[in-house]
Amino acid sequence: MSKYELTISSKYVAHWGVVEAVREFFQNAIDESNLSPDHSMDWNYDKDNELLTISNKNCKLSINSLLLGNTTKDERSIGKFGEGYKVAIVVLLRNHKTITIHNGDELWNTRFVNSRRYKDYVPVIETSKFGVTGTDLIVEIGGIDESEFEEIKNSNLNLRKEEMLEMGEIVETDSGDILFSSEESGNIYVEGLFINNCDKLKYGYNFKSDSVSLNRDRNIISQFDIEWNATKICAEALSPNDILEIMDSSEDYCDMHFAKTFVNENKASEIYKLFNKKYGNRIPVSTQEEADYVNSKGFTPIITRTEVTTLFSHYGYCDDIEDAYNVETSIYTSLKKIVQDIDCKIRHKDFDRIEDKIKDLNDLIEDFKDELIDIQVN
């Protein structure tokens, strides 16, 4: 038998509890399963014995992984700090749980000792060759009662995803998952592990690990990352009607903030038709200033979210009233808008309307010449 004292105080990360510690073990298991299909993750909860088991096929921890700061993780891992499972051991022992690790053919037992060297309680790993014969990595956490397991389960989609799929409460996409249950509204997960809640989201989301940046506590994610990834998932998973419902809602939802970037032209066209059906061909604008300008041109405006106006103008669906989208009246701005419209028509092979745009361009150039003459005269 060998004994290894870890240089981690029993008081480390005092704000962590059982849920955060168990999350670290799940995170390691998810990382390994993402690295290779041969390292698939499994779990089991025995409520009678209050035992939670988390395992990976064909995995083994090396002794040097006990060194604080050492890790075998790569850039695709969501636990990039290497200290996760060591810290989890400290927190669980502090909460009077037992942790036994079947490490291939080795058995790793854990406990606190009053270290004479460090004058403090520190965790100790005792390794022996009395483990279960095999090649799997199995972590057994004892003393997890039912209420604690429910809390763990609520913070971990991996423990309830199959049930949610059967109930139609979750839709998977290549970019992540969208969660439709009202209880999940605003909840953000990464690889199934709860991160935080954003009250400006209509739905809940499970993001891919390579699409966001997290701190060690797994509770910091930028608002940009939230909005970017949520829009990407919604654009893939939702119908045009559901997308319009978010973008045109009186609630300040940010699920579709980057609609122009991710909604394809076919969906945008359907959304435009639905908008016209709802509002009777009124002109969408984002500000009162724009509304006043549209009124001055003889059109009927409706003030709506910026996501709506930018999406429609991006695909050129209001070309017959493009002035309504151009509140700035400088020649430079007008010239830029026409050139963009011509470029858009070329990219979409809308050759029938390019001639009209070229005429607009020529008219603008003539206006520019007149303005230059006025400047020279004055």
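Please read all numbers here as calculations on a predicted model, not as lab measurements.
- Grouped by direct or indirect side-chain proximity (heavy atoms under 4.5 Å, Ile/Leu/Val/Met/Phe/Trp/Tyr only), Phe224 sits with Trp228, Phe258, Phe262.
- Criterion: ILVMFWY side-chain heavy atoms under 4.5 Å apart, direct or through other members. Under it, Ile302 and Leu311 are part of a common hydrophobic cluster.
- Side-chain contact, Asp31 with Gln27: no donor N or O sits under 3.5 Å from an acceptor N or O.
- Nearest heavy-atom pair, Ala259 versus Thr231, reported as atom, atom and distance to 0.1 Å: N-CG2, 3.6 Å.
- For the pair Ser269 (side chain) and Asn266 (backbone), a donor-acceptor distance under 3.5 Å is absent.
- Side-chain N or O atoms of Asn56 include one that pairs as donor or acceptor with a backbone N or O of His39 at under 3.5 Å.
- Taking the side chain as every heavy atom from C-beta outward, Asp225 and Ser211 never approach each other to under 4.5 Å.
- Formation of a donor-acceptor pair under 3.5 Å by the Asn206 side chain with backbone atoms of Gly192 is found in this model.
- Considering every non-hydrogen atom in both Thr304 and Thr309, the closest pair reads CG2-CG2, 4.0 Å.
- You'll find the ring centres of Tyr315 and Tyr272 outside the 6.0 Å limit.
- Side-chain N or O atoms of Lys86 include one that pairs as donor or acceptor with a backbone N or O of Ser65 at under 3.5 Å.
- Contact of the Ile221 side chain with the Leu214 side chain is registered, since non-hydrogen atoms from C-beta on lie closer than 4.5 Å.
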task = Show your reasoning for whether salt bridge (charged side-chain N to carboxylate O under 4.0 Å, His left out) applies to Lys161 and Glu172.
result = CA-CA 10 Å; Lys161 191 170 185 178; Glu172 299 174 304; 3.1 Å; yes
request  = Mind running side chain to side chain contact (heavy atoms under 4.5 Å, CB included) on Phe194 and Asn154 for me, showing each step along the way?
outcome  = CA-CA 8 Å; Phe194 179 76; Asn154 287 336; over 6 Å; no
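- Side-chain contact of Asn64 with Ser62: a donor-acceptor pair under 3.5 Å is present, judged by distance alone.
- Relative to the six-membered ring of Trp16, Arg23 meets both conditions, a distance below 6.0 Å and an angle of at most 45° to the axis.
- Rounded to the nearest 0.5 Å, atoms CG (Leu244) and NZ (Lys267) are 13.0 Å apart.
- Residues Asn156 and Asn158 have side chains that bring a donor and an acceptor to within less than 3.5 angstrom of each other.
- Residue-environment remark: CD (Glu140) exceeds the threshold of 12 foreign heavy atoms within 6.0 Å.
- A distance-only check finds no donor-acceptor pair linking the side chain of Ser175 to the backbone of Lys232 [under 3.5 Å].
- One hydrophobic cluster, built from ILVMFWY side chains closer than 4.5 Å, holds both Phe112 and Ile101.
- Using a 4.5 Å cut-off on side-chain heavy atoms (C-beta onward), Ile195 and Val212 make no contact.
- Atom-to-atom distance recorded for Tyr45:OH and Glu148:CD is 8.0 Å, nearest 0.5 angstrom.
- With hydrogens and angles left out, the side-chain atoms of Tyr205 and Asp255 include a donor and acceptor closer than 3.5 Å.
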key: Worked check of side chain to side chain contact (heavy atoms under 4.5 Å, CB included) between Tyr203 and Leu238   = CA-CA 11 Å; Tyr203 299 114; Leu238 299 183; 4.0 Å; yes
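- Note that the CG atom of Asp46 and the CD1 atom of Ile144 stand 12.5 Å from one another [nearest 0.5 Å].
- Contact annotation: the side chain of Leu137 approaches that of Asn103 to within less than 4.5 Å [non-hydrogen atoms, C-beta and beyond].
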ask   = Do Asp292 and Gln288 pass the side chain to side chain donor-acceptor pair (under 3.5 Å) test, and can you show the C-alpha distance, the side-chain angles, and the key distance before you say yes or no?
value = CA-CA 6 Å; Asp292 293 341; Gln288 185 59 51; 2.9 Å; yes
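- Heavy-atom minimum distance, Ile303 versus Ser286: CG2-O, 3.9 Å.
- The number of heavy atoms from other shown groups lying within 6.0 Å of CG (Asn264) is above 12.
- Under the 3.5 Å distance criterion, the side-chain polar atoms of Arg282 are left unmatched by any main-chain donor or acceptor of Thr300.
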ask   = Cys198 and Glu227: side chain to side chain contact (heavy atoms under 4.5 Å, CB included), yes or no, with the steps?
value = CA-CA 10 Å; Cys198 175; Glu227 296 175 2; over 6 Å; no
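- Inter-residue side-chain proximity for Phe25 and Leu92 is flagged as met; some heavy-atom pair is nearer than 4.5 Å.
- Under the 4.5 Å side-chain heavy-atom criterion for ILVMFWY residues, no single connected hydrophobic cluster contains both Leu157 and Ile152.
- Taking both residues in full, the closest heavy atoms of Ile243 and Met256 are given as CG2-CE, 3.7 Å, listed atom of the first, atom of the second, then distance.
- Between Leu6 and Val124, every side-chain heavy-atom pair lies at or beyond the 4.5 Å cut-off.
- At a threshold of 4.0 Å, the pair Glu106-Lys129 counts as salt-bridged, since one of the basic side-chain nitrogens sits closer than that to a carboxylate oxygen.
- Ion pairing between Lys273 and Glu270 holds under the 4.0 Å rule for side-chain N and carboxylate O.
- Looking at Val91 and Glu20, their side chains never come closer than 4.5 Å, going by heavy atoms from C-beta outward.
- Rounding to the nearest 0.5 Å gives a distance of 13.5 Å between NZ of Lys202 and CE of Met247.
- Tyr189 and Val22 fall into different hydrophobic clusters, where Ile, Leu, Val, Met, Phe, Trp and Tyr residues are linked whenever their side-chain heavy atoms come under 4.5 Å apart, directly or through other members.
- Across every non-hydrogen atom of Phe180 and Gly168, the tightest pair is CD1-O, 4.0 Å.
- Salt bridge annotation for Glu126-Arg111: present, with a cationic side-chain nitrogen under 4.0 angstrom from a carboxylate oxygen.
- Connection of Ile89 to Val122 is not established within any shared hydrophobic cluster, with ILVMFWY side chains joined at heavy-atom distances below 4.5 Å, either directly or through further cluster members.
- Looking at Asp136, its side chain does come within 3.5 Å of a backbone N or O of Asn58 through a donor-acceptor pair.
- Taken to the nearest 0.5 Å, the NZ atom of Lys97 stands 11.5 Å off from the CG atom of Leu93.
- At least one side-chain heavy atom of Phe312 sits less than 4.5 Å from a side-chain heavy atom of Ile271.
- Residue Glu307 holds its CD atom at 13.0 Å from OH of Tyr253, rounded to the nearest 0.5 Å.
- With hydrogens and angles left out, the side-chain atoms of Tyr279 and Asp248 include a donor and acceptor closer than 3.5 Å.
- Across Cys234 and Ile246, no two heavy atoms sit closer than the pair SG-CD1, 4.4 Å.
- Between Asp105 and Lys60 a salt bridge is recorded (basic side-chain N to carboxylate O distance below 4.0 Å).
- With hydrogens and angles ignored, the 3.5 Å screen pairs no side-chain donor or acceptor of Ser115 with any backbone N or O of Tyr121.
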key: Evaluation steps, side chain to side chain contact (heavy atoms under 4.5 Å, CB included), between Trp108 and Thr127   = CA-CA 5 Å; Trp108 290 16; Thr127 68; 3.3 Å; yes
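- Put simply, the residue from Glu183, Glu169, Glu184 that forms a salt bridge (Lys or Arg N to Asp or Glu O under 4.0 Å) with Arg160 is Glu184.
- Judged by distance alone, with hydrogens and angles left aside, the side-chain atoms of Asn197 form a donor-acceptor pair with the main-chain N or O of Ser185 at under 3.5 Å.
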